[in-house]
Amino acid sequence: MSPLSLVTGEVSTRTVRRWAWASLVANTVIIVTGALVRLTGSGLGCPTWPRCTDESFVPHRELGAHGVIEFGNRLLTYVLIAVAVLTFVAVWRWSRTSRSLRVHAFLLAFGIPFQGVVGGITVLTQLNPWVVAIHLLLSLVLVAGSVWLLLRVTDRLGTPAAPGLRRATLLMQALVWVVVYLGTVVTGSGPHAGDADAPRNGLDPQVWSHVHAVGVYALVAVTVVLWWGSRGTALRGPVTTLLVVELAQGAIGFAQYWTGLPIPLVALHLLGAAVLVAAATRVLLLSRGVLVPGTPAARRRDAALTA
């Protein structure tokens with residue numbers, strides 16, 4: 001799995017899978033570290049972008065621990081870029097690759113620096129909560145894309161589920177993104193702004209917490225229906241996992257609400273958001289059948305796309 005072997009040696013299916021896993025893990029970790037920057041009040045530890053200060057790309061002593069934390073998160077972005085590029089190289093050199101798979105890996109790699117620019121805009125706007133929300137949502141999109149890539153480089157060709165189940169998974173996926181977005185609205189009205197002087201969105205956090213909870217209830221209800229309808233199918237296991245994630249995430253959300261938003265629970269809730277998006281994306285894609293590169297079905301699909 002060494003980077004050098006991607007250039008000099010044959011890229012095996014196992015290697016491609018490992019880099020796809022690395023991409024998923026890295027995109028999840030950066031969400032958690034970004035959350036910790038905000039939760040520790042270090043969002044403006046480097047008060048400008050792309051430099052840390054007007055005079056330097058690195059923090060100086062006067063910025064203190066906040067500068068170190070914010071700058072450390074910026075450095076992690078370069079690690080994420082490296083993982084994304086090496087994943088793209090692995091996919092490109094894989095003997096079973098395809099044009100669509102290469103495009104997929106390229107878009108994931110391109111998404112990292114694009115996301116970095118959005119992160120810079122959050123700093124330049126003094127952590128405007130609406131921009132911060134976009135920053136998180138784009139990270140979650142990259143998590144979903146990483147799950148899709150991982151499923152595409154497995155050896156199993158999924159069988160599409162019945163039309164009713166596929167429609168249910170679409171509704172479930174839509175509700176997941178509604179719930180996640182409402183979560184960003186609640187966060188933008190709450191106390192963890194990332195800096196003492198950062199603006200809030202001006203909305204009532206209690207009201208929007210209840211709106212967010214209604215979305216969660218709807219999501220769990222649809223997932224329970226999906227779980228019941230998937231009995232006897234290959235989707236039952238993934239849907240069960242999704243339902244467990246939803247219930248755990250809901251429990252963490254209620255716990256943080258009633259305990260005054262302690263930092264460990266808020267960080268865990270953000271990690272849960274990434275896991276939720278990953279689990280929901282997996283269910284959605286498996287319900288439609290995942291085309292594996294190199295199979296006749298995949299080649300027919302690629303031919304149709306390029307015709």
Side-chain angles (χ1 to χ4, degrees), residues 30-50 52-53 59 63-74 77 114-143 175-219 249-274 276-277:
I30 201 73
I31 290 175
V32 177
T33 59
L36 292 175
V37 169
R38 178 171 58 84
L39 293 170
T40 57
S42 304
L44 294 177
C46 284
T48 189
W49 185 88
C52 183
T53 66
L63 295 175
H66 292 319
V68 173
I69 293 171
E70 162 65 0
F71 184 71
N73 190 62
R74 293 188 183 190
T77 301
F114 178 76
Q115 175 70 324
V117 171
V118 175
I121 294 173
T122 67
V123 173
L124 296 177
T125 58
Q126 302 298 299
L127 305 182
N128 181 290
W130 302 109
V131 180
V132 173
I134 293 173
H135 191 43
L136 173 61
L137 291 172
L138 287 176
S139 287
L140 291 171
V141 168
L142 291 174
V143 167
L175 284 171
V176 164
W177 287 102
V178 168
V179 165
V180 168
Y181 175 72
L182 289 174
T184 67
V185 174
V186 175
T187 299
S189 65
H192 296 298
D195 186 82
D197 298 323
R200 301 283 72 204
N201 60 25
L203 301 175
D204 188 326
Q206 279 198 326
V207 171
W208 284 94
S209 292
H210 289 301
V211 174
H212 178 52
V214 170
V216 173
Y217 299 148
L219 173 60
Q249 180 73 334
I252 295 169
F254 277 111
Q256 70 172 9
Y257 178 81
W258 292 111
T259 56
L261 302 175
I263 288 177
L265 282 182
V266 176
L268 187 60
H269 199 49
L270 277 163
L271 173 61
L276 172 64
V277 167

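Every value quoted in this text rests on a predicted model; they were computed, and no experiment measured them.
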Return yes if some donor-acceptor pair links the side-chain N/O of Q115 with the main-chain N/O of H135 below 3.5 Å, else return no.
yes
After noting the C-alpha distance and the side-chain angles of T187 and R38, does the key distance pass the side-chain contact (heavy atoms from CB on, under 4.5 Å) rule?
CA-CA 11 Å; T187 299; R38 178 171 58 84; 3.4 Å; yes
Do V141 and L137 have side chains that approach each other closer than 4.5 Å (heavy atoms only, starting at C-beta)?
no
Nearest 0.5 angstrom please: W208 CH2 to S189 OG, how far?
9.5 Å
Distance col, row Y181:OH vs L136:CG, nearest 0.5 angstrom, shows 12.0 Å
With a 4.5 Å limit on heavy-atom distance, are the side chains of T125 and W130 in contact?
no
Could you tell me whether a side-chain N or O of D195 sits under 3.5 Å from a main-chain N or O of Q126, the two making a donor and an acceptor?
no
Could you state the interatomic distance from CG (L124) to OG1 (T48), rounded to the nearest 0.5 Å?
5.5 Å
Interatomic distance, OH@Y217 vs NE2@H212, rounded to 0.5 Å, equals 10.5 Å
For the pair V186 and L203, evaluate side-chain contact (heavy atoms from CB on, under 4.5 Å) and give the outcome as yes or no after the intermediate values.
CA-CA 8 Å; V186 175; L203 301 175; over 6 Å; no
Is the shortest side-chain heavy-atom distance between V123 and R74 below 4.5 Å?
yes
Between H192 (side chain) and L261 (backbone), is there a donor-acceptor pair under 3.5 Å?
yes
To the nearest 0.5 Å, atom CD1 of I31 lies from atom CG of L36 at 12.0 Å
I would like to know whether Y257 and L265 meet side-chain contact (heavy atoms from CB on, under 4.5 Å); could you show each step before the answer?
CA-CA 9 Å; Y257 178 81; L265 282 182; over 6 Å; no
With distance as the sole test, does R200 use its side chain to make a donor-acceptor pair with the main-chain N or O of P129 at under 3.5 Å?
no
Considering non-hydrogen atoms only, spot the tightest contact between N73 and V37 and give its length.
CB-CG2, 3.6 Å
Rounded to the nearest 0.5 angstrom, the CG-CG distance for L276 and L270 is 12.0 Å
Between W49 and I121, is the side-chain contact (heavy atoms from CB on, under 4.5 Å) condition met? List the steps.
CA-CA 8 Å; W49 185 88; I121 294 173; 5.9 Å; no
